[in-house]
Amino acid sequence: MKRFRRLSRVVSCAALLSAVFSAAARAIEAGPAAPLISQMVTRILEQNHYNHHPLDDKTSRDLLKNYLEMYDYNHMFFEKADIAEFEAKYGDVLDQKLKEGDVSPAYAIFERFLKRLEEREALVRKMTAGTLDFSADESMVIDRHEGSWPTAGAEIDDLWRRRVKYEMLQERLAKTKPEEQAKTVNTRYERLLRSFREYDSNDVLQNYLTALTHSFDPHSDYMAAPQMENFNISMRLSLVGIGAVLKSEDGYAKIVSLVPGGPADNDKRLKPNDKIEAIAQGDGPWIESVGMKLDRLVQLIRGEKGTVVRIRVIPAAAIDPATRAKIALVRDEIKLT
């Protein structure tokens with residue numbers, strides 16, 4: 001524990017992505033270490049935090065509020081009935097549950113958020129496919145953080161109609177091609193949904209315990225091991241890897257740039273905009289990475305200095321979309337400047 005921060009190929013790829021996202025849509029449960037971690041974090045906060053206040057009913061209510069707003073800061077996804085249910089069920093008991101190692105409320109709330117996000121994403125697609133009236137004299141509040149949670153039905157439909165209308169108008173003002181406006185808005189919410197579907201048990205726990213630490217003060221965070229490693233890397237300005245900057249795009253890890261002087265830059269075969277399809281350690285088996293969370297993929301690429309990592313990529317410059325390149329690189333220390 002770390003504390004405080006391609007036609008058959010196209011079909012097969014689509015099937016793979018469907019399988020990945022279907023698996024990700026299954027209910028996430030707490031990992032075996034979660035109870036112990038929650039108890040330890042609770043104990044550390046009570047005994048060692050500078051303001052020395054105990055976990056009590058107020059902490060429980062603050063934790064619930066912080067955790068809900070981590071997913072829905074602008075009060076757009078959860079419904080008023082959801083909030084009332086959570087407050088009645090968890091409002092004054094989260095502190096005791098944490099002391100007992102029970103973090104199930106974190107996962108129940110996340111699953112409800114994911115359900116609401118799926119509903120809103122479908123609603124956005126339905127609205128962008130319809131006709132929006134831009135002649136009506138209407139307004140909307142962009143920052144709804146201080147606003148009330150919406151009621152299911154007409155209130156939510158009207159709230160999201162105005163939101164979609166606003167976003168479509170923004171695309172018009174940005175001179176986006178008319179045929180691309182709805183696609184741009186839809187893609188925005190598809191990506192948001194995909195990112196949350198990629199959450200695993202550790203992500204949910206990290207958010208929950210960070211919401212807890214924020215109930216003590218806004219500058220204390222809980223970090224799971226991958227996040228702690230990234231934090232340490234940013235502090236020492238060095239890591240062992242191949243020197244490639246990645247971003248997640250449509251289920252793939254895409255090469256954004258190469259670190260000058262790093263193994264990938266010196267090798268010259270890996271190029272910006274290439275997409276990573278699979279990774280292997282030395283002579284080991286390939287691990288398909290389509291749909292994999294970016295931070296997990298990064299962990300597979302990093303390793304000990306002098307060891308070999310193999311990467312199978314879809315080259316951006318390839319004329320034939322079925323082309324694949326297999327590149328073996330020796331990991332080395334990368335200096336970050």
Side-chain angles (χ1 to χ4, degrees), residues 17 21-22 24-25 28 64-87 106-199 203-204 207-208 210-211 214 218 247-251 291 293-294:
L17 281 168
F21 293 138
S22 293
I28 301 175
L64 179 60
K65 177 178 181 293
N66 292 341
Y67 188 59
L68 291 170
E69 293 186 346
M70 275 190 163
Y71 298 117
D72 192 8
Y73 183 81
N74 278 321
H75 300 185
M76 295 286 295
F77 296 97
F78 284 122
E79 299 172 358
K80 184 173 291 185
D82 295 328
I83 305 305
E85 177 188 340
F86 296 148
E87 289 177 343
Y107 298 86
I109 291 172
F110 175 75
E111 288 300 324
R112 184 71 59 83
F113 168 70
L114 197 57
K115 178 183 178 182
R116 297 303 180 218
L117 178 53
E118 290 168 347
E119 293 170 352
R120 306 303 174 249
E121 189 267 343
L123 184 60
V124 169
R125 281 190 282 108
K126 178 181 177 181
M127 289 177 171
T128 56
T131 301
L132 294 168
D133 181 10
F134 291 99
S135 65
D137 184 9
E138 292 184 312
S139 63
M140 68 166 289
V141 177
I142 305 300
D143 183 356
R144 299 191 70 257
H145 176 59
E146 300 297 334
S148 62
W149 302 89
T151 302
E155 185 177 351
I156 280 182
D157 288 350
D158 185 63
L159 174 64
W160 278 90
R161 179 187 63 81
R162 291 170 186 257
R163 179 73 192 186
V164 170
K165 185 175 173 180
Y166 165 76
E167 294 193 27
M168 290 285 284
L169 182 58
Q170 290 293 97
E171 296 306 317
R172 286 189 175 192
L173 294 173
K175 302 189 184 303
T176 303
K177 294 179 180 179
E179 64 273 16
E180 295 292 325
Q181 293 170 6
K183 181 179 178 181
T184 300
V185 174
N186 289 339
T187 299
R188 185 174 300 141
Y189 289 96
E190 288 167 4
R191 287 176 175 167
L192 180 64
L193 177 56
R194 182 186 296 118
S195 68
F196 280 106
R197 279 178 171 168
E198 291 175 353
Y199 265 43
D203 295 318
V204 175
N207 279 354
Y208 191 56
T210 293
H214 284 187
K247 74 173 181 177
S248 182
E249 184 176 286
D250 300 328
K293 282 186 60 190
L294 190 61

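Basis for what follows: all heavy atoms, side chains included, without hydrogens, waters or symmetry-related copies.
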Quiz item: Are Arg191 and Asn186 close enough that some pair of their side-chain heavy atoms sits under 4.5 Å apart?
Solution: no
Quiz item: Taking side chain as C-beta onward, heavy atoms only, is Met127 less than 4.5 Å from Glu167?
Solution: no
Quiz prompt | For His75 against Pro150, the heavy-atom pair lying closest together | solution = O-CD, 3.4 Å
Quiz item: Distance from Leu192 atom CG to Arg197 atom CZ, nearest 0.5 Å?
Solution: 11.0 Å
Quiz prompt | Phe196 ring center near Tyr199 ring center (under 6.0 Å) | solution = yes
Quiz item: Within 45° of the ring axis of Phe134 and under 6.0 Å from its six-membered ring centre, is that where the NZ or CZ of Arg172 lies?
Solution: yes
Self-check item: Atom pair OH (Tyr73) and CG (Asn66), whose distance is rounded to the nearest 0.5 Å
Solution: 11.0 Å
Quiz item: Would a 4.5 Å heavy-atom cut-off, applied to side chains only, mark Asn207 and Tyr71 as touching?
Solution: yes
Quiz prompt | Among Arg188, Lys183, Lys177, salt bridge (charged side-chain N to carboxylate O under 4.0 Å, His left out) partner for Glu171 | solution = Arg188
Quiz item: Hey, does the side chain of Asn74 reach the backbone of Asp143 with a donor-acceptor pair shorter than 3.5 angstrom?
Solution: no
Practice problem: With the side chain counted from C-beta on, respond yes when Asp72 and Trp149 share a heavy-atom pair under 4.5 Å apart, and no when they do not. | Solution: yes
Quiz item: At what distance, to the nearest 0.5 angstrom, does CH2 of Trp160 lie from CZ of Arg120?
Solution: 7.5 Å
Exercise. Answer yes when Arg194 and Glu198 have at least one side-chain N-carboxylate O distance shorter than 4.0 Å, and no when they do not.
Key: no
Quiz prompt | side-chain contact (heavy atoms from CB on, under 4.5 Å) partner of Tyr189, the single match among Leu193, Val185, Thr187 | solution = Val185
Quiz item: Looking at side-chain heavy atoms only, is the closest gap between Arg162 and Asp158 below 4.5 Å?
Solution: yes
Quiz prompt | Gap between atom CZ of Arg116 and atom CG of Leu123 - 0.5 Å precision | solution = 12.5 Å
Exercise. Using the test ring-ring contact (aromatic ring centres under 6.0 Å, His included), find all partners of Phe78 that sit at least two apart in sequence or belong to another chain.
Key: Phe86, Phe113
Quiz item: Say you draw a straight line from CD1 of Ile156 to CD of Glu119; how long is it, rounded to the nearest 0.5 Å?
Solution: 8.0 Å
